[in-house]
Every structure is written in structure tokens, then in C-alpha cells.
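Worksheet: the structure to be examined is printed underneath.
The model shown is predicted, which means the values in this text are computed figures rather than measured ones. Residue numbers start from 1 in every chain, and the chains themselves are labelled A, B, ... in the order their sequence lines are given, proteins ahead of strands.
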2 protein chains.
Amino acid sequence: MVNKKCIIRLLRYKNALHRLNSLGFVKVFSDNLADAVGVTASQVRKDFSLFGICGNKRGGYQIEALLGKLNHILGKNEQQKVVIVGGGNIGAALMKYKGFEKEGVKIAACFDIDPAKYNHKEGDIPVLPLEQLRDFVRQNHIKIGVIAVPDIAAQQVLDLMLAAGIKGVLNFAPIRLRAASDCVINNVNLVLELETVIYFIINGLEKSIAEIHEEQKS
Amino acid sequence: MVNKKCIIRLLRYKNALHRLNSLGFVKVFSDNLADAVGVTASQVRKDFSLFGICGNKRGGYQIEALLGKLNHILGKNEQQKVVIVGGGNIGAALMKYKGFEKEGVKIAACFDIDPAKYNHKEGDIPVLPLEQLRDFVRQNHIKIGVIAVPDIAAQQVLDLMLAAGIKGVLNFAPIRLRAASDCVINNVNLVLELETVIYFIINGLEKSIAEIHEEQKS
DNA sequence: TTTTTATAGTGAAAAAAATCACAAAATGGC
DNA sequence: GCCATTTTGTGATTTTTTTCACTATAAAAA
């Protein structure tokens with residue numbers, strides 16, 4: 001019923017509200033949020049209406065209350081733990097990237113088959129042998145995984161993840177994964193994203209590059 | 001008129017065709033491609049029809065001819081050069097990633113403000129001072145740039161890029177960039193992509209996670 | 001207190017995207 | 001060479017998403 005595009009907008013509203021909040025603002029109007037996120041004010045109100053979020057006629061929305069509701073809907077009230085499989089370029093970049101922690105997403109561990117990548121340094125995110133994935137995921141009740149391995153290994157890694165109990169996957173491998181239907185797979189294909197830009201540059205971009213986002217549930 | 005979702009499908013058809021081609025196949029039917037990419041056969045035919053691509057009734061499509069047409073439409077016949085600004089986590093990962101070259105995208109150089117990152121090693125992608133961006137982009141007629149800097153610097157980097165003549169940008173900074181309307185900006189927000197998965201896991205994913213892709217032209 | 005005004009909430013309308021369904025054409029078998 | 005079959009190409013239809021437009025309401029002003 002609610003689709004991914006809508007959730008992404010909600011997440012953006014949340015981010016915009018955070019900024020406004022830390023700037024000391026107390027209330028917003030739908031058109032402020034619309035500007036901040038790049039959509040129409042109607043869209044903002046429709047999205048909120050879909051989730052039963054109400055503001056005050058003429059008074060806008062109280063930022064704190066609104067943040068609370070969005071955080072609740074988006075599951076941002078408790079920290080989410082994720083694991084990464086693949087300690088290569090992308091996996092390593094994700095581990096070093098500070099943006100996840102800021103949003104309450106904790107990278108609990110990374111798994112690889114290459115012993116040279118193993119790491120137990122205090123303070124760092126541990127990089128462990130792939131064989132330990134299953135136990136780690138079960139012991140820590142992890143439901144989300146990131147696939148950052150070469151495409152050739154991706155399906156196999158997904159199968160391991162699902163067997164371990166993971167239910168949602170962010171997949172960076174440029175390949176179509178097959179999985180049971182009670183599992184969510186969100187694909188991010190970096191090359192494709194860049195190629196899309198190239199297309200619009202080559203073929204007169206005077207047209208709007210309309211909406212973007214690809215996904216796949218499974 | 002044609003939107004990003006459609007272009008992404010075209011790029012996927014192209015990839016699937018490459019695989020089929022290297023497996024020795026000579027022709028495909030719309031439903032083969034549909035399966036490979038995860039859409040319906042009608043969608044495939046509609047997409048092709050939109051670009052004037054014809055097959056043979058009852059005979060399907062000749063893979064080589066089809067690849068040729070898609071490559072032409074997608075600008076894959078000549079190698080595309082891009083620059084990256086930001087040699088941090090994401091920038092470094094992109095430079096090391098082999099996937100771009102495989103698709104005919106050449107990362108010509110990376111720019112940073114941190115002298116510790118500068119690199120002129122033979123064979124590596126050069127990492128140069130940001131001041132050289134303008135001249136480099138002009139001399140090499142580069143039209144595409146990747147923003148891989150912290151969000152605080154992203155708008156400034158975009159302005160530099162546009163001033164240098166760049167027309168299309170892949171932006172990894174989690175911030176809404178403002179730009180003239182003759183420029184294409186494609187945003188990739190890694191945290192958001194992961195948070196989307198988290199939402200669907202938390203809130204009973206029994207529903208399909210519909211289509212995904214966000215974009216913004218500017 | 002009454003009036004004015006700004007803004008939320010939402011059903012209706014429009015636009016966009018995907019799917020359907022079927023005619024037209026090409027192939028292979030007989 | 002004709003018929004049966006398969007698959008394309010596309011107009012029509014359906015579904016989904018977005019925008020419009022108007023009512024209700026709360027706040028401020030008079």
C-alpha cells in the first residue's frame with residue numbers, strides 16, 4: 001500500500017525536520033517542508049494524511065511532535081543493527097562512513113572470506129570470517145544485511161544471510177537476486193546511477209529527469 | 001518524456017543482453033529479457049517501442065543488433081570520462097571499483113583539498129588539488145562529475161563543477177543541491193537506501209516494496 | 001466579539017506509468 | 001503453398017501517483 005517512494009519522502013521530511021529543529025524552529029508549514037525536500041506542499045500533506053499525521057489548521061506542525069511521529073513510523077526510536085558482508089571497496093567505505101551512526105544505524109560487524117581483512121581492533125567495527133555470520137546474526141538478532149561482494153558471490157551470500165535469519169538486504173552487487181517473498185531486497189547499482197546521468201547529458205537533458213528510484217522486493 | 005526509470009530499465013536490458021551474448025545466444029524474446037530484468041514482457045516491448053526499436057514478429061530480437069541500438073541510445077559507444085571530487089571513503093571506493101571501467105566509464109581524475117590524498121602514481125587514478133578541477137575539466141572536455149564530499153561542502157563543490165562546465169552530477173552527499181536547470185543531478189543517499197529497508201522490515205513487509213528511485217533534475 | 005486570513009485535510013481530477021489484449025506478421029510444419 | 005502457431009507492436013484500459021481545489025478550522029486582527 002505505501003510504497004518506497006513515499007517512505008523515502010518520509011525519511012527526507014524527518015531529516016529536514018532535524019535540521020529545522022536544531023536551528024531552533026518550533027513549527028513548520030507543509031510548504032516549508034516541501035521546499036526543503038523538493039516536493040509540493042500537497043504531497044507533504046497527502047503523505048502525512050496517509051499515516052494519520054495531523055497538524056493544526058493555520059498553525060502548521062509542531063516540529064518536535066512531528067519528529068516523534070515520523071521516528072515512530074520509521075522505526076528510528078531504537079537503534080538498528082546491520083551486518084555487512086564483503087570488506088572490499090564498498091564494504092570498507094560503508095564501515096568508515098559516519099552517516100549511518102548519525103541516523104541510528106549501527107554496523108555491528110563485517111564478514112569476509114579473506115583472512116587479510118579480519119580485524120579485531122578495539123573501537124573498530126570487527127571484520128570476521130564469513131563462517132561466523134550465522135551465529136553472529138542469530139546471537140545479535142540482526143535482521144538487516146548489506147551485500148558488498150562481487151556479483152559472482154552475491155546470490156550465495158544472500159542465501160547465507162536468509163538462512164541466518166536476515167529479512168532485509170541492501171544489495172550493491174549489480175545482479176538480480178532471487179529470494180523468498182518474505183524478504184525485502186533493495187538494490188543500489190552505482191554504475192547504473194552514473195550511466196543514467198550520462199544518458200541525460202548525451203541526449204539533450206532539456207527535459208526533466210523525472211523521478212528516480214529502483215527497487216525490487218522479493 | 002522518457003523518465004529515469006525507463007532509462008534504468010534500458011541499461012538493465014543492455015546488461016542482460018551482454019550476458020546472453022557472451023553465453024552464445026543469438027536472439028531473445030521479450031519475455032526472456034523480462035525475466036532477466038524482473039519486469040513484464042509488455043514493459044520490455046513498450047520500452048523498445050518508445051525508442052523505435054523493432055524486433056521480428058515471431059522471431060524475437062537479434063541480440064547483437066539490439067545491443068547496438070541500445071548502446072547507441074545509451075551513449076555507450078564512446079567511453080565517457082568523469083571526475084570525482086572528494087577522495088574520502090566513498091571517493092576512494094569508487095576509484096578502486098572495477099565496475100565503471102567494465103561499462104565504459106573512465107574515472108579521469110579525483111580532486112580533493114587534502115594534500116595527504118594527492119597521488120600521481122603511474123597507473124593509479126590521479127588525485128589532484130581541487131584548484132585544478134576547472135582546468136582539468138575544460139582541457140579534457142568532461143561533462144560528468146561525482147560529488148563524494150561531506151554534505152557541508154557539497155553545494156560549493158557543485159558550484160565549482162558547474163562553473164567548470166560539468167553538466168551532469170552524481171551526488172552522494174545527503175543534501176538537496178541547487179543548480180541551474182540545464183544540469184542533471186542524480187542523488188544517491190546510501191543511508192536513506194538502508195533506512196528504507198529498515199522501514200519495510202519493521203512494518204510487516206508482507207506488502208511488496210514497490211518501485212524505487214528518487215531523482216531530481218535541476 | 002466579529003471578521004479576516006492563512007493553512008491543514010481531503011475528495012476529485014489529472015497525469016503518469018504499467019498492463020492488457022488483440023491484430024498483424026513471420027516462421028515452421030504439413 | 002497453406003495452415004497453425006508464436007511473438008511483436010501498440011491502442012485501449014487499468015492502476016498508481018500526483019496535483020488541484022475547496023472546506024473546515026484555528027489564529028490573529030479589528
Distance, rounded to the nearest Å, where [X] contributes [atom1] and [N] contributes [atom2]:
X	N	atom1	atom2	value
I63(A)	dA8(C)	CD1	P	12 Å
N3(B)	dA15(C)	CG	C1'	13 Å
R9(B)	dA16(C)	CZ	C1'	12 Å
I53(B)	dG9(D)	CD1	P	10 Å
F48(A)	dG9(C)	CZ	C1'	13 Å
L50(A)	dT19(D)	CG	C1'	15 Å
L10(B)	dA17(C)	CG	P	15 Å
K4(B)	dA17(C)	NZ	P	14 Å

What donor-acceptor contacts under 3.5 angstrom involve side-chain atoms of residues 139-151 of chain A, with partners at least two apart or in another chain?
residue : atom : partner : partner atom : Å
N140(A) : ND2  : F136(A) : O            : 2.8

Applying a 4.0 Å non-hydrogen cut-off, can you work out what C6(B) is touching in the nucleic acid: base, sugar-phosphate, or nothing? nothing
Side-chain H-bond candidate by donor/acceptor type, E193(B) with N189(B), under 3.5 Å: no
If you look only at pairs with a residue in residues 42-61 of chain A, which of them pass as a ring-ring contact (aromatic ring centres under 6.0 Å, His included), with sequence neighbours excluded? Y13(A)-F48(A), F48(A)-Y61(A)
Per the under-4.0 Å heavy-atom filter, residues of residues 29-36 of chain B near DNA chain D come out as F29(B), S30(B)
All N/O donor-acceptor pairs, side-chain side in residues 18-34 of chain B, below 3.5 Å, sequence neighbours left out:
residue : atom : partner : partner atom : Å
S22(B)  : OG   : H18(B)  : O            : 3.2
S22(B)  : OG   : R19(B)  : O            : 3.0
S30(B)  : OG   : R45(B)  : NH1          : 3.1
N32(B)  : OD1  : F29(B)  : N            : 2.9

Contacts of K14(A) meeting salt bridge (Lys or Arg N to Asp or Glu O under 4.0 Å) (sequence neighbours excluded), chain-then-number -> E103(A), E195(B)
What heavy-atom pair brings I175(B) and N187(B) nearest, and what distance separates the two atoms? O-OD1, 4.1 Å
Can you check nucleotides 21-26 of chain D for protein contacts, nitrogen or oxygen pairs under 3.5 Å, and list what you find?
residue : atom : partner : partner atom : Å
dA26(D) : O4'  : K57(A)  : O            : 3.3

Can you find a side chain N or O atom of Y61(B) that sits less than 4.0 Å from OP1 or OP2 on dA26(C)? no
Would you indicate, yes or no, if dA17(C) has its OP1 or OP2 atom less than 4.0 angstrom from a side-chain nitrogen or oxygen of Q43(B)? no
Quick one: CD on E78(A) to NZ on K106(A), what's the gap to the nearest 0.5 Å? 15.5 Å
I need the I198(A) CD1 to L74(B) CG distance, nearest 0.5 Å. 10.0 Å
Hey, are the side chains of D182(A) and K167(A) touching, using non-hydrogen atoms and a 4.5 Å cut-off? yes
Comparing K27(B) and D47(B) on DNA chain C - which has the more 5′ nearest nucleotide: D47(B)
Give a yes or no on whether a donor-acceptor pair under 3.5 Å exists between the nucleobase atoms of dT10(C), that is its base, and the side chain of K46(A). no
